[in-house]
Amino acid sequence: MHDAVLTWYSTHARDLPWRSADRTPWGVLVSEIMLQQTPVARVEPVWRAWIERWPEPASLAADEPGEAIRAWGRLGYPRRALRLHAAAGAIVERHDGRVPSSYDALIALPGIGEYTAAAVASFAFGQRHTVLDTNVRRVLARVVDGRQYPPASTTAAERRAALDLLPEAAIAPTWSVAVMELGALVCTARSPRCEECPLRATCAWRHAGSPPHDGPPRRAQAWAGTDRQVRGRLMAVLREAEGPVPKARLDETWPDAVQRERALDGLVADGLVEPVEGHRYRLPVTTPQHAERAT
DNA sequence: AACACGTGGAC
DNA sequence: TGTCCAAGTGT
């Protein structure tokens, strides 16, 4: 199983900039944050511009958080940009400006959770960690469990299965990225290309006749009319503006005043937007002291 | 544990 | 055309 996947990866891996031979831990970290819930094709140009402008954590930390949000563009979930800016500040303060290599130090940074800490420790520092993203979880669900889709959230059983399969340290990172790539290119969610799969001979799901998902329905996220849509409208206006925006301009983005105010208040509470005197708003200029504090 | 959190491409 | 989904995290 390992040889089949590694051989497949050696000839099918995409040539992505954050995988290049001269990659840096900072470049890997930035890519991992950008790739959270966001397709590779949309990340690549933004990543290139970001790394050119902020080639190390200290350069990002020295800039305004609003500039990070602006440079984030339309990648979505702009709180990731704010957390990446905060992570850069923490790296400067706690780690002398160098991305830490330990899983524990990584997961302590804002915006970095179980997956991203394992990914950076593996792909930037060559360590042996189980890397469980949506691709790996789907591949294991099919190959090992014979199910079409993994559980809604990562389980202990999945971590155990991933650890059982994780090879020796020398090739563990390559194994992880290879399984991820297999999930992204072949063992896809919607229309898997099983004929091209290096694991087609051993896949439990395929052997079982590719049975459809049976558990509770996987609910898609609502979008139209949600606060998320309103927040997106507001952020788009603020990103594209040079400086502070009159509230009247924000009021044009959404007809329902109650929902609009709620969305704007939420953005301010999240530290993504800053009120300015004279009924104006702008992207944040200073790092928020207590944004997203537990309630 | 369930939910909020953006955006746009694919089918 | 509307649904589904993309290298998750924090609460």
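Not measured: the values here are computed from a predicted model. Order of the sequence lines sets the chain letters (A, B, ...), proteins ahead of strands, with each chain counted from 1.
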Return the nearest nucleotide to the side chain of A:Arg83; candidates are C:dG8, C:dA7, C:dG10.
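Of the candidates, C:dG10 comes closest.
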Without decimals, in angstroms, what is the distance between [X] [atom1] and [N] [atom2]?
| X | N | atom1 | atom2 | result |
| --- | --- | --- | --- | --- |
| A:Glu32 | C:dG8 | CD | P | 9 Å |
| A:Gln148 | C:dC4 | CD | C1' | 12 Å |
| A:Arg159 | C:dG8 | CZ | C1' | 13 Å |
| A:Arg14 | C:dA6 | CZ | P | 12 Å |
| A:Glu181 | C:dA7 | CD | C1' | 10 Å |
| A:Arg218 | B:dA1 | CZ | P | 18 Å |
| A:Gln37 | B:dA4 | CD | P | 15 Å |
| A:Leu16 | C:dA7 | CG | C1' | 11 Å |

Backbone of [Y] reached by a side-chain donor or acceptor of [X] within 3.5 Å:
| X | Y | value |
| --- | --- | --- |
| A:Thr116 | A:Gly113 | no |
| A:His12 | A:Trp8 | yes |
| A:Arg80 | A:Met34 | yes |

hbond_proxy A:Thr38 side chain to B:dG6 base (donor-acceptor, 3.5 Å cutoff):
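Answer yes: a donor N or O sits under 3.5 Å from an acceptor.
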Taking only nitrogen or oxygen atoms into account, show me every contact under 3.5 Å that the protein makes with nucleotides 8-11 of chain B, one pair per line with its distance.
from: B:dG8; atom 1: OP1; to: A:Arg74; atom 2: NE; distance (Å): 2.3
from: B:dG8; atom 1: OP2; to: A:Arg74; atom 2: NH2; distance (Å): 3.3

Taking the nucleotide of DNA chain C with the closest heavy atom to each, which residue, A:Met180 or A:Ile107, is nearer the 5' end?
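First, find each residue's nearest nucleotide; the 5'-ward one identifies A:Met180.
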Starting at the 5' end of DNA chain C, which residue's closest nucleotide do you reach first, A:Leu109 or A:Trp18?
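Going by which nucleotide is closer to the 5' end, it is A:Trp18.
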Separation of the [atom1] atoms in [N] and [M], to the nearest angstrom:
| N | M | atom1 | result |
| --- | --- | --- | --- |
| C:dA7 | B:dA10 | P | 14 Å |
| C:dT11 | B:dG6 | P | 14 Å |
| B:dA1 | C:dG10 | C1' | 13 Å |

[X] side chain near [N] phosphate (N/O to OP1/OP2, under 4.0 Å):
| X | N | answer |
| --- | --- | --- |
| A:Arg80 | C:dG8 | no |
| A:Tyr149 | C:dC5 | yes |
| A:Thr116 | C:dT9 | yes |
| A:Arg19 | C:dA7 | no |
| A:Gln36 | C:dA7 | no |

Reckon [X] touches a base, only the sugar-phosphate, or nothing at all at heavy-atom distances under 4.0 Å?
| X | value |
| --- | --- |
| A:Gly113 | sugar-phosphate |
| A:Val40 | base |
| A:Leu75 | base |
| A:Ala119 | nothing |
| A:Ala41 | nothing |

Residue among A:Leu60, A:Val30, A:Leu84 satisfying side chain to side chain contact (heavy atoms under 4.5 Å, CB included) with A:Trp54:
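Result for side chain to side chain contact (heavy atoms under 4.5 Å, CB included) with A:Trp54: A:Leu60.
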Short side-chain donor-acceptor distance under 3.5 Å, [Y] and [X]:
| X | Y | result |
| --- | --- | --- |
| A:Gln221 | A:Arg228 | yes |
| A:Ser102 | A:Asp104 | no |
| A:Trp254 | A:Gln259 | yes |
| A:Gln36 | A:Tyr115 | no |

Are A:Val276 and A:Val285 linked, directly or through other ILVMFWY residues, by side chains that come within less than 4.5 angstrom of each other?
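Shared cluster, no.
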Taking the nucleotide of DNA chain B with the nearest heavy atom to each, does A:Gln221 or A:Ala152 sit closer to the 5' end?
A:Ala152
